[in-house]
Amino acid sequence: MDLSDRKKRILRVIIENYIESAEPVGSKTIAESSGLDISSATIRNEMADLEAMGYLEQPHTSAGRIPSPKGYR
């Protein structure tokens, strides 16, 4: 599965927010700061895809996501 432009943009927002805050990034934060006109549920689905592809990690169930080493590359 290739990274769509939307997935790339979401990944970029997660990386930038994580670098600034050092906290897992949730879908609501992405929806507010990405400029994409999509719902939090759609963002969560994209984040799940990015996690399955190895670009993101989820520290624990109720947390947002953080970039994996592959995501930084």
Side-chain angles (χ1 to χ4, degrees):
M1 184 185 306
D2 279 339
L3 285 178
S4 66
D5 288 338
R6 182 164 67 184
K7 281 184 177 59
K8 287 178 186 176
R9 192 162 182 184
I10 289 170
L11 181 60
R12 181 181 314 256
V13 170
I14 291 170
I15 291 169
E16 289 170 355
N17 276 287
Y18 184 69
I19 289 171
E20 286 179 19
S21 69
E23 297 286 332
V25 182
S27 58
K28 185 177 179 184
T29 302
I30 296 167
E32 294 169 353
S33 62
S34 69
L36 294 170
D37 190 25
I38 55 178
S39 70
S40 293
T42 301
I43 292 171
R44 282 192 298 275
N45 287 334
E46 295 285 14
M47 290 168 70
D49 289 346
L50 288 166
E51 187 176 0
M53 295 166 71
Y55 291 100
L56 298 177
E57 297 173 351
Q58 190 171 20
H60 52 85
T61 305
S62 63
R65 306 300 201 296
I66 62 172
S68 69
K70 180 179 178 179
Y72 281 116
R73 283 185 252 131

Undergrad: Closest approach of Ile15 and Gly71, non-hydrogen atoms and distance?
TA: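 In this case the closest contact between Ile15 and Gly71 is CD1-O, 3.3 Å.
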Undergrad: Can you list the residues that meet the salt bridge (Lys or Arg N to Asp or Glu O under 4.0 Å) rule with Glu32, with sequence neighbours excluded?
TA: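 Not a single residue meets the salt bridge (Lys or Arg N to Asp or Glu O under 4.0 Å) criterion with Glu32.
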Undergrad: Hey, does Leu50 have a side-chain heavy atom less than 4.5 Å from the side chain of Leu3?
TA: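 In short, these two side chains touch, coming nearer than 4.5 Å.
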Undergrad: Quick check for you: to the nearest 0.5 Å, what is the distance between Arg6 atom CZ and Glu46 atom CD?
TA: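 It is 4.0 Å, given to the nearest 0.5 Å.
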Undergrad: Quick one: closest heavy-atom pair of Glu57 and Ser68, and the distance?
TA: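 Where Glu57 meets Ser68 most closely, the heavy atoms are OE2-CB, 3.6 Å.
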Undergrad: Kindly give the heavy-atom pair with the smallest separation between Tyr18 and Val25, and that separation in Å.
TA: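 Closest approach of Tyr18 to Val25, heavy atoms only: N-CG2, 3.8 Å.
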Undergrad: For Arg12, what residues pass the salt bridge (Lys or Arg N to Asp or Glu O under 4.0 Å) criterion, not counting sequence neighbours?
TA: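 Not a single residue meets the salt bridge (Lys or Arg N to Asp or Glu O under 4.0 Å) criterion with Arg12.
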Undergrad: So, for Leu56 and Pro67, which heavy atoms are closest and what is the spacing to 0.1 Å?
TA: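 Smallest heavy-atom distance, with atoms named: CD2-CA, 4.0 Å.
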Undergrad: Please give me the minimum heavy-atom distance between Arg65 and Met47, naming the atom from each residue.
TA: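 Scanning both residues, the minimum pair turns out to be CG-CE, 3.1 Å.
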Undergrad: Just wondering, more than 12 heavy atoms not from Lys70 lying within 6.0 Å of its NZ?
TA: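 More than 12 heavy atoms, drawn from other residues, nucleotides or ligands, come within 6.0 Å of this atom.
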Undergrad: Nearest 0.5 angstrom please: Glu16 CD to Ile30 CD1, how far?
TA: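 Taking CD in Glu16 and CD1 in Ile30, the distance rounds to 11.0 Å.
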Undergrad: Restricting to side-chain contact (heavy atoms from CB on, under 4.5 Å), what partner residues turn up for Pro24, sequence neighbours left out?
TA: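 With sequence neighbours excluded, Pro24 shows a side-chain contact (heavy atoms from CB on, under 4.5 Å) to Pro59, Ala63, Ile66, given in chain and number order.
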Undergrad: If we ignore hydrogens and angles and just use 3.5 Å, is the side chain of Ser27 paired with the main-chain N or O of Ile43 as donor and acceptor?
TA: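 Not confirmed, Ser27 side chain does not pair with Ile43 backbone.
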